[in-house]
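Some notes on the structure that comes next.
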Amino acid sequence: MRTLPLYIALFFGLLMAGCGKKDAASEQKAPRFNDNGLPILHRLSPSFAPLKPQQVQQKKNDIAHYFQSVWSESNDNVSFLVAQNGHILFEKYVGYAHRNKKEAIEANTPLHIASVSKVLTATAILMLVDAKKLQLDQKVTEFYPEFPYPEVTVLTLLNHRSGMRNYAYFTYDKNVWDTHNNLTNADLIPLMIEKNISLEYPTNTHFSYCNTNYALLALIIEKTTGLSYPEAMRQMIFEPLGMKHSFVFEMNKHKGQVAPSYKGNNMELAFDYLDGVYGDKNIFSTPRDLLIFDMARYNKDFLNPDLVKKMYSGYSYEHKGKKNYGLGIRMIEFDKGEPFYFHNGWWHGNTSSYINLRKEKVTIIALSNKYTKKTYTSKKLAGLFGNYPFHPKGEGEE
């Protein structure tokens, strides 16, 4: 048998290798929709390049120093994680998930992430927009014709420019709602109509952070998918990503089964009538699960580039200032350096901080079920990774 000339053999070898890679790639590319036709998130694959050992060690030392100087292992409750390129640089779990039962917080302990839930709600909405199941400029009246504010759109809910009042405030009026009864998302629109709740200001005239916006986005997710918000989030985000310790709190299902929250003096806080509303809050998760979620949003199949750009753009420039809000993400836009993307949360004794340094592929998560503002100091770590006016040894810019 004649031996092929070397250059011909190499050519066919490269050709076959290329075909093999193409087939493997096509086999690995998972569908973007589940069996119910819902868009789903995928894990980021392949992962980003590994970090250089010398860089890793210095950052680990600096983060450890920050943690030890801020958090007390004898008095604080916290789940804490810092990662870059998907690689965990530092994580620490301190204190009690349930103090009376002496149940310690561990890596797989779900805690209430408060308003960081808005990041996930916005993600689900944008996935539905990308799948052409709804549009950013659609008015809420197209989903709920009885909705009393005709100018409010999906976009003005996402960027907090709807002008609506916060349900946590207007339902506290005994003439509006009996606080002995649990409030739900389904109660909100009928209440606005029946009690003639006016807008706080004309729609799309300026920014005003309002939980009602995201409670309504949860209703729009339900109307669009035909599923409850907890089930839609499970099918679209939690299950596809393998976020095994993440779920939406449901009063009749999870009360008594989740980590309670505490005041700073360790007094356990009771649930109240607002704990049945979700979308703006009520997701329980862990730092590791949120890292998986954060990394998935770098996937090229996450959203089309135009929607990603809209997510990380500011929408409120009526007044001079560095602080702004995108679509489910807060931002600080400095005169120099990279925009700082984050979202904080507070609900009962739960406080949370989610930091997403896009350029540097850094994820910083701090969750506590015992009231403290220490979670918000995690932004100090940004200066370790890029051009941000924060540093773990100083307060930095507020």
Side-chain angles (χ1 to χ4, degrees), residues 41-73 76-95 97 104-113 116 119-120 123 237-238 240-246 259 283-299 302 329 338 340-345 351-369 374-386 388 390-392:
L41 263 181
H42 292 299
R43 282 178 179 261
L44 181 65
S45 180
S47 61
F48 291 115
L51 303 172
K52 295 179 181 179
Q54 61 270 28
Q55 294 176 321
V56 169
Q57 193 54 54
Q58 184 58 54
K59 286 186 172 67
K60 283 183 175 180
N61 293 342
D62 289 339
I63 298 166
H65 182 270
Y66 154 81
F67 189 89
Q68 291 162 7
S69 66
V70 172
W71 296 94
S72 164
E73 296 206 30
D76 286 323
N77 292 0
V78 64
S79 292
F80 184 82
L81 180 148
V82 181
Q84 187 169 22
N85 287 10
H87 304 289
I88 296 175
L89 298 175
F90 183 93
E91 63 179 333
K92 191 79 171 177
Y93 301 92
V94 168
I105 293 174
E106 299 176 342
N108 294 333
T109 303
L111 297 180
H112 196 299
I113 67 172
V116 173
V119 181
L120 286 86
T123 296
I237 296 177
F238 303 146
L241 291 182
M243 296 172 67
K244 296 180 180 179
H245 306 285
S246 300
I283 289 177
F284 277 72
S285 191
T286 67
R288 290 185 184 181
D289 273 8
L290 291 173
L291 173 60
I292 294 171
F293 165 77
D294 190 52
M295 296 307 295
R297 302 200 329 158
Y298 289 101
N299 198 314
F302 166 44
I329 196 75
E338 295 298 312
F340 178 70
Y341 300 112
F342 71 106
H343 212 297
N344 290 336
T351 58
S352 55
S353 181
Y354 160 81
I355 294 170
N356 170 224
L357 306 182
R358 296 286 296 174
K359 181 180 178 181
E360 297 82 10
K361 310 291 188 298
V362 170
T363 311
I364 304 171
I365 308 290
L367 309 174
S368 179
N369 65 328
K374 292 179 181 180
T375 47
Y376 311 140
T377 69
S378 54
K379 70 179 181 182
K380 294 180 179 182
L381 296 171
L384 298 177
F385 299 94
Y388 303 96
F390 309 119
H391 195 275

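Residue F390 holds its CZ atom at 8.0 Å from CD1 of I355, rounded to the nearest 0.5 Å. How far CG of L290 is from CG of L241: 11.0 Å, rounded to the nearest 0.5 Å. Going from atom NZ of K60 over to atom CG of D62 covers 13.0 Å, rounded to the nearest 0.5 Å. How far CG of N344 is from CD1 of I113: 12.0 Å, rounded to the nearest 0.5 Å. Here the NE2-CG distance, from H343 to N356, works out to 12.0 Å after rounding to the nearest 0.5 Å. Taking CZ from R297 and CD1 from I329, the interatomic distance works out to 6.0 Å, rounded to the nearest 0.5 Å.
For the side chain to side chain donor-acceptor pair (under 3.5 Å) test, no residue two or more places apart in sequence or in another chain qualifies with Y376. For S72, the side chain to side chain donor-acceptor pair (under 3.5 Å) partners at least two apart in sequence or on another chain are S74. In this structure, the side-chain contact (heavy atoms from CB on, under 4.5 Å) partners of Q68, at least two apart in sequence or on a different chain, are A64. Legend: residues meeting side chain to side chain donor-acceptor pair (under 3.5 Å) with K59, ordered by chain and number and at least two apart, are absent. Residues forming a side chain to side chain donor-acceptor pair (under 3.5 Å) with N108 (at least two apart in sequence, or on another chain): H245. With sequence neighbours excluded, no residue forms a side-chain contact (heavy atoms from CB on, under 4.5 Å) with H65.
At least one side-chain heavy atom of E360 sits under 4.5 Å from a side-chain heavy atom of Q84. Put simply, the side chain of L357 does not reach to within 4.5 Å of the side chain of F342, judged on heavy atoms. Side-chain contact between L44 and F302 is absent, with no heavy atoms from C-beta onward closer than 4.5 Å. Residues I365 and T363 are in side-chain contact: their nearest non-hydrogen atoms beyond the backbone lie under 4.5 Å apart. With contacts defined as side-chain heavy-atom distances shorter than 4.5 Å, the pair F80/L367 does not qualify. Proximity of T286 to T109: side-chain heavy atoms (C-beta onward) are nowhere separated by under 4.5 Å. By the 4.5 Å heavy-atom criterion applied to side chains, F284 and N369 are not counted as neighbours. A 4.5 Å side-chain heavy-atom check between K92 and F90 finds at least one atom pair inside the cut-off.
Ion pairing between R288 and E91 holds under the 4.0 Å rule for side-chain N and carboxylate O. Ion pairing between K374 and D76 holds under the 4.0 Å rule for side-chain N and carboxylate O.
Ring-centre distance between F238 and F293: not below the 6.0 Å cut-off.
With no hydrogens or angles considered, a side-chain donor-acceptor pair links S246 and D289 at under 3.5 Å. In summary, the side chains of Y354 and D294 do present a donor paired with an acceptor at a separation below 3.5 Å, with no hydrogens or angles considered. When only modelled atom types and interatomic distance are considered, S378 and S353 share a side-chain donor-acceptor pair under 3.5 Å. Y66 and N61 are not linked by any side-chain donor-acceptor pair at a separation below 3.5 angstrom, with hydrogens and angles left out of the test.
Shown here is K361, whose NZ atom has more than 12 heavy atoms of other residues, nucleotides or ligands within 6.0 Å.
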Steps toward side chain to side chain contact (heavy atoms under 4.5 Å, CB included) verdict (V94, I105): CA-CA 6 Å; V94 168; I105 293 174; over 6 Å; no
Verdict with supporting geometry, F385 and V82, side chain to side chain contact (heavy atoms under 4.5 Å, CB included): CA-CA 11 Å; F385 299 94; V82 181; 3.9 Å; yes
Chi angles and distances behind the side chain to side chain contact (heavy atoms under 4.5 Å, CB included) call for L81, I364: CA-CA 6 Å; L81 180 148; I364 304 171; over 6 Å; no
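Nearest approach of I237 to L120, heavy atoms of both residues: CD1-O, 3.8 Å. Across every non-hydrogen atom of L291 and A83, the tightest pair is CD1-CB, 3.7 Å. Contact detail for A49 and N85: the closest heavy-atom pair is O-ND2, 3.1 Å. Of all heavy-atom pairs between S352 and T375, the closest is N-OG1, 4.1 Å. Scanning both residues, Y93 and S79, for their nearest heavy atoms gives CD2-OG, 3.5 Å. Of all the heavy atoms in G242 and R43, the pair that sits closest is O-NH2, 4.1 Å.
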